[in-house]
Undergrad: 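Before I ask anything, here is the structure I am working with.
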Amino acid sequence: MDPTGPTHEALVSGAAILWVVFRFGLDGLVLDSFQKPWLRMISRIVSVGRNLDAPRGQRLREALEQLGPIFVKFGQVLSTRRDLLPADIADELARLQDRVPPFDPDIAIATIERAFRRPVDAVFTSFDRIPVASASIAQVHFATLKDRQGIEREVAVKVLRPGMLPVIEKDLSLMRMMAGWVEGLSADGKRLKPREVVAEFDNYLHDELDLVREAANAAQLRRNMTGLDLVLIPEMFWDFCHPEVMVMQRMNGVPISQIERLRDAGVDIPKLARDGVTIFFTQVFRDGFFHADMHPGNIQVSLEPATFGRYISLDFGIVGTLTESDKEYLAQNFVAFFRRDYKRVAELHIESGWVPADTRVNDLESAIRAVCEPYFDRPLKEISLGMVLMRLFQTSRRFQVEIQPQLVLLQKTLLNIEGLGRELDPELDLWSTAKPFLEKWMLEQMGPQRLLRELRAEAPHYAKLIPELPRLVYDALRQRPADQQHALRELLDAQKRTNRLLQSIIYGGLGFVLGLLAMQLFMRVRVF
């Protein structure tokens, strides 16, 4: 690890962190949950003279912002673990945004030239030195280049911040140490699984540090969404993609948070809300590959005539994946929820193996009913599907449910989509929007369409096998009886050996019993 790293290294030193912890009263937040009475006493003593009137979640968020971009990113990821965090802290951490100043454009240009081994003017016909966006991991510049056909294209160039890997490794090491302390001393430490959260954050960060991986995610989503005509995903320029630099099609749109501007432009806002739900459920249940970082900063809306009113997705560093069994399990759960079939929900949990096999169905059914039933007694437009899932995840701890990481990402994305949809259209009914989609999907999974899909998938194998069938049948009819006779002879020989062994055991046993009887008779005769 480079000891002469960036100035951020001084910020994340132990002394600086302790100062931020003390300044925002996080010491009391942590010490109050410890089991040791003397630690709680220390918490009360050190809090004297400090103004800690702000809610604990707000103080934690502000402390992470003060510590720097890596800790901000950690807070963002931590906010997705609503199955582990108290609601007030999770809600506050969800407000974290990348408020990071851009780095020197000369450094960005040097990174580009190092990646492509030629001057930036030889790569791009023009390059805007002023970045248009800056985040904790990278920043974006606009540029133009000529593609393979010689056509000049407008592009966006994403460049990693310099020296991020050593900074991240240092911060992660410190976070692991702090997680160990919390797990060992706090009453809630083991339940909050701090080591697991840090490990999950480690995976996210290292994935985001490889821009080729992000470009591949974008290409997959773009291919999946072709034909849906609801969302635009930028094209990747693979000749100009490198782990530190990613060049993509420049997208022109209006941030989705600017609702009044979109409404004034003539965008159908309620339809936009419904389209967002459709995109999400299509990515999850049809493709099993979904954009898992869909906060408003990553979503725009196109106003160009050819693509008017379509979503524009950006930033593909975090994606979620689901297996066929995951998709089927989730779809059946959703449909069972819609029908209030809580027993089926409980059975699905047990069948999936996420709940111990000895769990009583009736107990789990009762717990799920207690979570869901209050929501169903409200008007549909007041029901939050995301909040239902969050409550279910919290309740599931009692039954030792293993929460899968991909489902946590799914829950976080669903909360984002639902919040965004209701901001666009307060009357949005996510349940009624999702139910027909899920029921149609279930029919496709269990009906003749699935059989046809599987037959098409196996067609190349069948095409190779069918011409060989006559020869295989002929060989079977010609050779199999001899093979069967040989196998039968071996089986008869083995059976004969087994019979001889059994006979020996029986005769030996009979001889032993007769010997005992003879000895008993002999002793009785002598005594008599």
Side-chain angles (χ1 to χ4, degrees), residues 94-95 97 132-133 156 217-218 221-235 248-287 289-316 318-320 334 338 379-389 409-441:
R95 298 178 56 193
Q97 299 294 330
V132 295
N217 292 340
L221 284 169
R222 178 183 170 89
R223 186 162 54 251
N224 290 347
M225 293 293 98
T226 300
L228 192 62
D229 294 334
L230 295 179
V231 60
L232 303 173
I233 295 171
E235 175 189 355
M248 70 192 100
Q249 175 187 1
R250 177 176 173 177
M251 308 302 288
N252 297 304
V254 175
I256 199 165
S257 57
Q258 299 180 14
I259 300 175
E260 288 304 318
R261 183 179 170 188
L262 294 172
R263 186 176 284 113
D264 293 341
V267 175
D268 185 342
I269 302 298
K271 179 180 182 300
L272 193 66
R274 294 192 300 273
D275 288 349
V277 177
T278 301
I279 292 167
F280 170 72
F281 280 98
T282 300
Q283 290 183 355
V284 170
F285 290 104
R286 189 193 70 182
D287 305 326
F289 190 86
F290 60 94
H291 192 312
D293 199 16
M294 294 186 70
H295 59 75
N298 289 337
I299 303 174
Q300 298 179 354
V301 179
S302 174
L303 298 183
E304 296 182 358
T307 57
F308 186 82
R310 294 188 194 176
Y311 281 89
I312 298 173
S313 288
L314 303 170
D315 195 348
F316 310 95
I318 302 177
V319 296
F334 280 136
F338 294 141
L380 282 174
K381 68 180 183 180
E382 297 180 11
I383 298 174
S384 168
L385 183 58
M387 292 303 295
V388 172
L389 283 181
L409 271 180
L410 178 68
Q411 177 209 7
K412 173 248 187 186
T413 308
L414 178 58
L415 287 169
N416 285 343
I417 290 294
E418 188 173 44
L420 177 63
R422 296 221 164 149
E423 185 177 348
L424 292 171
D425 179 15
E427 300 297 315
L428 175 68
D429 181 356
L430 187 63
W431 293 83
S432 61
T433 305
K435 184 178 178 181
F437 184 96
L438 289 172
E439 290 182 333
K440 178 183 176 183
W441 184 86

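Quick caveat: nothing in here was measured; it's all calculated off a predicted structure. Note: hydrogens, waters and symmetry copies are ignored here, and every other heavy atom, side chains too, is used. The residues of the chain are indexed from 1 along the displayed sequence.
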Undergrad: How close do Gly320 and Ala292 get, counting heavy atoms only, and between which atoms?
TA: N-CB, 3.8 Å

Undergrad: Mind checking the CE-CD spacing from Met251 to Glu304? Nearest 0.5 Å is all I need.
TA: 8.0 Å

Undergrad: Test Thr307 against every option in Leu232, Val231, Val301 by the side-chain contact (heavy atoms from CB on, under 4.5 Å) rule and name the one that passes.
TA: Leu232

Undergrad: Between Phe290 and Val319, is the side chain to side chain contact (heavy atoms under 4.5 Å, CB included) condition met? List the steps.
TA: CA-CA 6 Å; Phe290 60 94; Val319 296; over 6 Å; no

Undergrad: Evaluate the side-chain proximity of Leu303 to Phe308: yes if any heavy-atom separation is below 4.5 Å, no if none is.
TA: yes

Undergrad: Can you see which heavy atom on Asp425 is nearest to which on Ala273, and at what distance?
TA: CB-CB, 3.9 Å

Undergrad: Are the side chains of Leu221 and Gln283 in touch, meaning some heavy atoms are under 4.5 Å apart?
TA: yes

Undergrad: Suppose we screen for salt bridge (charged side-chain N to carboxylate O under 4.0 Å, His left out). Which residues come up paired with Asp275, at least two apart in sequence or across chains?
TA: Lys271

Undergrad: State, to 0.1 Å, how close Ile312 and Gly253 come at their nearest heavy-atom pair, and which atoms those are.
TA: CD1-CA, 3.9 Å

Undergrad: Output the distance between atom CD1 (Ile259) and atom CG (Leu424), rounded to the nearest 0.5 Å.
TA: 5.0 Å

Undergrad: Rounded to the nearest 0.5 Å, how far does CD1 of Ile279 lie from CZ of Arg274?
TA: 12.5 Å

Undergrad: Where is the tightest heavy-atom contact between Thr278 and Thr282, given as atom of each residue plus distance?
TA: O-OG1, 2.7 Å

Undergrad: With sequence neighbours excluded, what pairs up with Gln300 under the side-chain hydrogen bond (donor to acceptor under 3.5 Å, both in side chains) test?
TA: none

Undergrad: Can you name the nearest heavy-atom pair linking Arg222 to Gln249, along with the distance?
TA: NH1-OE1, 3.8 Å

Undergrad: Please report the interatomic distance CG(Leu314) to CE(Met248), rounded to the nearest 0.5 Å.
TA: 7.5 Å

Undergrad: Quick check: closest heavy atoms across Leu272 and Gly309, and the distance to 0.1 Å?
TA: CD1-O, 3.5 Å

Undergrad: Look at the side chain of Arg286 and the backbone N and O of Asn224, then say whether any donor-acceptor pair between them is shorter than 3.5 Å.
TA: yes

Undergrad: Does the side chain of Tyr311 reach to within under 4.5 Å of the side chain of Ile299, using non-hydrogen atoms?
TA: yes

Undergrad: Side chains of Asp229 and Arg310: does their closest heavy-atom pair fall under 4.5 Å?
TA: yes

Undergrad: Among residues at least two apart in sequence or on other chains, which ones pass ring pair (Phe, Tyr, Trp, His ring centres under 6.0 Å) with Phe316?
TA: His291

